[in-house]
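First listed ligand is number 1; within each ligand, the first listed atom is number 1.
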Amino acid sequence: MTDARQRALDGFRHAFGRAPGAAAFAPGRVNLIGDHTDYAGGLAMPMALGAGCVAAVGRADAGVRAVAVDMGESFETQTRSDPAAWPGWARYAIGSASLALDAAGASGVGLTIAVASDVPMGGGLSSSAALEVAVVSAVGMLAGVPIDPMDIARMAQRAEHEFAGVPCGLLDQMASVFARAEHAMIIDFADFSVRHIPIPDAASFLIVDTGVRHDNASGAYAALRERAARARAALGVEHLGRADGGSFGALPADGRAVAEHVVSECARVRAFAAAVTGGQLELAGAILDDGHASLVHRLGTSPPEVEAVVGRVRRAPGVLGCRLTGAGFGGSVVALTQDPGRAAAVLEGLGVRRADPGGGCRAVPFTS
Ligand code: GLA
């Protein structure tokens with residue numbers, strides 16, 4: 001199969017009979033550690049993937065015509081119509097486009113959009129954020145109005161909240177916007193600062209698809225987010241990630257579990273980054289395992305089918321540690337290894353890919 005860039009550009013020409021006016025790539029991500037911390041003002045350590053989504057866009061007279069090249073689907077609407085009636089993929093694509101048009105002061109402009117992606121949907125690798133960020137970036141380029149990178153991330157998040165109904169944090173969108181090749185990054189969601197962390201050659205990450213599909217719109221994610229908000233309100237702190245563990249005894253059991261997860265997970269993000277950059281890979285692997293245990297015991301985001309995959313990955317030769325990545329309830333597992341070939345060989349059949357830290361969202365060259 002051709003890559004997402006070629007498919008999006010060819011798909012655009014095929015659907016609209018001309019070249020696009022702008023095109024952008026945005027990567028998916030794997031979150032190495034620091035899950036369910038972003039909406040609690042904590043820390044996370046994502047790494048962008050080489051794989052991502054490409055959005056090609058052009059001007060039209062009115063309304064929006066969008067094509068999901070890989071699904072062979074197209075959809076046409078006015079940006080102001082009710083998104084509840086749009087297909088799922090179109091909510092992300094057209095929602096992002098209409099917010100970017102508004103920001104560019106070009107709300108009345110018509111659009112044509114073609115998207116293609118190499119990030120599996122529902123695999124916990126931020127296929128939706130890649131789509132949103134690619135569309136927002138491409139529309140900004142088309143309108144000739146540079147959008148501040150943090151605003152791209154926020155607009156992409158708004159598209160998810162307002163058009164797709166998913167109350168996500170900013171982890172996925174910021175990872176897609178701010179990524180740097182050969183690096184992971186630590187994002188502090190108390191102040192949205194980003195620190196890039198070089199990944200040494202000796203450390204390889206494998207991503208193993210659990211085959212269990214998850215959907216963040218289904219309610220379990222929102223319920224966790226509400227638990228964190230209640231704990232924060234009960235403790236009277238602005239950021240759960242910076243709360244004092246000594247005060248958690250006053251919380252009800254479910255609030256205490258989520259608060260303990262966030263505080264311990266932030267400590268694990270720091271310790272993991274130090275261990276990886278310091279070459280202490282066995283220690284780094286053990287921290288991943290601890291992080292997974294917190295997801296299982298405190299948040300309950302790993303169903304039995306996922307636990308079975310985690311067990312298999314842990315037993316694979318050369319795997320130093322692994323954890324469920326992203327929202328959970330399915331999706332993918334990330335494993336640290338010094339010998340990716342050996343581990344991948346025994347995990348064949350599970351959908352294994354090597355995480356190759358790629359760069360952040362960027363313009364895509366095309367011929368007009
Ligand atoms: C999903 C959300 C993110 C984040 C993770 C869990 O990927 O989109 O905002 O909350 O789950 O860390």
Side-chain angles (χ1 to χ4, degrees), residues 26-49 53 88 91-92 95-96 119-133 150 153-179 184-190 192 194 207 210 212-229 232 239-241 258 261-266 268-269 272 288 291-292 294-296 298-302 306 323-334:
R29 63 98 188 97
V30 57
N31 195 24
L32 300 180
I33 192 153
D35 271 313
H36 294 281
T37 51
D38 61 346
Y39 52 77
L43 303 175
M45 186 171 165
M47 182 168 91
L49 304 176
C53 176
R91 294 182 200 164
Y92 294 103
S96 303
V119 187
M121 277 167 62
L125 302 177
S126 289
S127 55
S128 50
L131 170 55
E132 295 147 14
V133 170
M150 192 63 205
R154 286 193 189 282
M155 252 177 249
Q157 182 199 32
R158 267 185 66 201
E160 193 133 354
H161 287 195
E162 294 171 20
F163 290 82
V166 178
C168 63
L170 266 164
L171 164 66
D172 310 340
Q173 294 79 6
M174 284 186 72
S176 188
V177 169
F178 292 103
M185 65 184 107
I186 292 184
I187 308 176
D188 184 341
F189 292 96
F192 302 104
V194 173
I207 299 168
T210 65
V212 182
R213 284 293 165 256
H214 79 115
D215 175 4
N216 290 346
S218 70
Y221 177 85
L224 270 180
R225 203 180 161 147
E226 275 161 28
R227 258 168 76 186
R232 195 169 48 117
H239 304 298
L240 211 46
V258 86
H261 170 75
V262 172
V263 169
S264 63
E265 186 82 341
C266 292
R268 281 188 290 274
V269 168
F272 179 78
L288 293 184
H292 184 74
S294 187
L295 295 174
V296 173
R298 296 188 172 112
L299 300 192
T301 57
S302 188
V306 171
R323 63 183 284 282
L324 187 55
T325 181
F329 309 105
S332 296
V333 166
V334 59

(request) Would you mind checking if E265 and R323 are paired as a salt bridge, meaning a charged N to carboxylate O distance below 4.0 Å? (result) yes
(message) Looking at every heavy atom in both R29 and G124, which two are closest together, and how far apart are they?
(response) NH1-O, 2.9 Å
(request) Would you indicate whether M121, at its atom CE, is surrounded by more than 12 heavy atoms from other residues, nucleotides or ligands within a distance under 6.0 Å? (result) no
(request) Could you tell me whether R29 approaches ligand 1 through its side chain, its backbone, both or neither, with non-hydrogen atoms closer than 4.0 Å? (result)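 It is the side chain that touches ligand 1; the backbone stays farther off.
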So, regarding [X] and ligand 1 (criterion: nitrogen or oxygen to nitrogen or oxygen, under 3.5 Å), is there a contact or not?
| X | answer |
| --- | --- |
| S126 | no |
| G169 | yes |
| D38 | yes |
| Y39 | no |

(message) For the backbone of A159 and the side chain of R91, can you confirm whether one donor and one acceptor N or O come within less than 3.5 Å of each other?
(response)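 Not at all, since once roles are kept as given, no pair shorter than 3.5 Å links the two residues.
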(message) Check the orientation of Y221 and H36. Use parallel for under 30°, tilted for 30 to 60°, and perpendicular for over 60°.
(response) tilted
(request) Look at atom 8 (O) of ligand 1 and say which protein heavy atom is nearest, naming residue and atom and giving the distance to 0.1 Å. (result) D172 OD2, 2.6 Å
(request) Mark up the atoms of ligand 1 that fall under 4.0 Å of a heavy atom belonging to G326, in ascending order. (result) 6 (C), 11 (O)
